Amino acid sequence: MNILKLLDKLSNDKFFTEKTSRSDSFRDITAFGKKAATASLPLGLGAMMSSPVKAETQNTKATAYFLKSALTDALQLALVLEYLENEYYSMGLSKAGLIPSADRTVFMQISKHESAHVSFLQSTLTSLGVTPGAKPTFDFTANGSFSPFTDYNQFLVLAQAFEDTGVRAYKGQAGNVMSNKVVLQAALQIHSVEARHASQVRRMRANKGWIELANGGNMPSSTNAVYAGEDNVNQAGYNTSTLFGAAAGSAAYDEVLSGSDAQSIASLFIV
């Protein structure tokens, strides 16, 4: 499956064809997320053979194909998100005068991490016999609606949104990479680093390092798509708010983000 097709910018959507204000475009993120294409994994099950032995063999092969497809699709999605973050920080660091000197060290280190993640995902996909998706062309202004490279506050807002999206997206794909224990371990290692990035950027914006009640913390209300569902307090049948209160109960458990939702958020910045 070509993941880039799933990240089509939806050129027929009015968001990309009409000039909008920054506040309007931020509001459109939530609605935009509902319109993104949803991945459909090729099961390759085929017709069942009449012989029980052949049918079992066919099922075994089909299951293996499904697991590989789910695994590589998850890695392709992660690669797109890492491409996005890597290029965003690279462009921010190359913009003279944008990032205060006191903060440059942080973003230089984060940028190195994202570059390492891109290299790992490309190498892993290649080792699995799959061509890594090409880096998309990004427009971090969203067709002129934002100015993250001239306004440091906007740069931080988008950095937080990207990091919080990445953290949730990696959790959302955990089930799809479980078939390969080596990849699963590496993905979890990347996930924890992305979570540290998110916490660091959030604190640089004077926010808490964690998310409470689907409130991103001093973020435009239009970024709700990034934080939707984070107000959940029920975990495996246990109501965490009973003893600790709703805010603490929701903050103690970070929610997953589906692949289609992660794709829709990333698509906003893909040409």
Side-chain angles (χ1 to χ4, degrees), residues 1-8 10 33-49 54-86 114 116-136 162-195 225-226 228-230 232 235-236 253-268 270:
M1 180 179 64
N2 187 340
I3 194 70
L4 298 182
K5 290 182 180 179
L6 297 177
L7 297 177
D8 186 274
L10 302 181
K34 300 181 184 300
K35 299 180 182 179
T38 301
S40 57
L41 296 177
L43 302 181
L45 295 177
M48 295 297 292
M49 304 297 289
K54 290 184 178 180
E56 182 177 352
T57 300
Q58 187 77 356
N59 271 333
T60 300
K61 291 181 178 179
T63 299
Y65 182 80
F66 171 78
L67 291 175
K68 181 176 181 180
S69 177
L71 169 63
T72 55
D73 286 350
L75 294 175
Q76 293 281 29
L77 171 60
L79 179 58
V80 171
L81 295 176
E82 296 293 353
Y83 276 144
L84 180 148
E85 291 177 326
N86 186 42
E114 307 299 4
H117 296 166
V118 167
S119 296
F120 164 76
L121 291 167
Q122 290 174 326
S123 176
T124 301
L125 282 163
T126 299
S127 72
L128 293 171
V130 176
T131 301
K135 182 177 72 173
F162 293 155
E163 294 295 347
D164 282 339
T165 296
V167 171
R168 297 186 65 188
Y170 268 96
K171 281 197 295 291
Q173 295 303 308
N176 291 329
V177 300
M178 287 179 64
S179 61
N180 188 313
K181 302 303 182 184
V182 174
V183 173
L184 173 61
Q185 178 175 319
L188 290 173
Q189 290 173 306
I190 293 176
H191 167 261
S192 63
V193 172
E194 293 291 344
V226 177
E230 287 283 13
N232 179 37
Q235 303 295 332
Y253 296 86
D254 203 14
E255 301 299 318
V256 303
L257 192 67
S258 71
S260 58
D261 285 342
Q263 291 163 11
S264 70
I265 293 170
S267 293
L268 178 62
I270 294 178

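Being a predicted model, the structure only gives us computed values, none of them experimental.
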(Q) Are the side chains of T124 and N180 in contact, using a 4.5 Å heavy-atom criterion? (A) no

Q | Close side-chain approach of E194 and F162, heavy atoms under 4.5 Å | A | no

**Q.** Rounded distance (nearest 0.5 Å) linking atom OG of S119 with atom CD of E114
**A.** 11.5 Å

Q. Looking at CG of N176 and OG1 of T72, how far apart are the two atoms once the value is rounded to the nearest 0.5 Å?
A. 10.0 Å

Q.
In the structure I gave you, are the side-chain heavy atoms of L84 and V80 within less than 4.5 Å of one another anywhere?
A. no

Q: Grab the two heavy atoms, one from L184 and one from A174, that are nearest each other, plus how far apart they are.
A: CD1-O, 4.3 Å

(Q) If you compare all heavy atoms of G259 against all heavy atoms of L77, which two are closest, and at what distance to 0.1 Å? (A) CA-CD2, 3.8 Å

Q) What is the distance from atom CD1 of I190 to atom CZ of F120, rounded to the nearest 0.5 Å? A) 5.0 Å

Q.
To the closest 0.5 Å, what do you measure between CD (E255) and CZ (R168)?
A. 7.0 Å

Q | CD (Q235) with more than 12 external heavy atoms under 6.0 Å | A | yes

Q) Shortest non-hydrogen contact from Y170 to A187? A) CD2-O, 3.9 Å

Q | Shortest non-hydrogen contact from Q76 toward V130 | A | NE2-CG1, 3.6 Å

Q: Starting at OH of Y83, measure out to CD of Q122 and round the result to the nearest 0.5 Å.
A: 4.0 Å

Q | Smallest separation among heavy atoms of A225 and I265, with atom names | A | O-CD1, 3.9 Å

Q: Identify the heavy atoms of E82 and L121 that sit nearest to each other, and give their distance.
A: CG-CD1, 3.6 Å

Q) Rounded to the nearest 0.5 Å, how far apart are CG of L257 and OG of S264? A) 7.5 Å

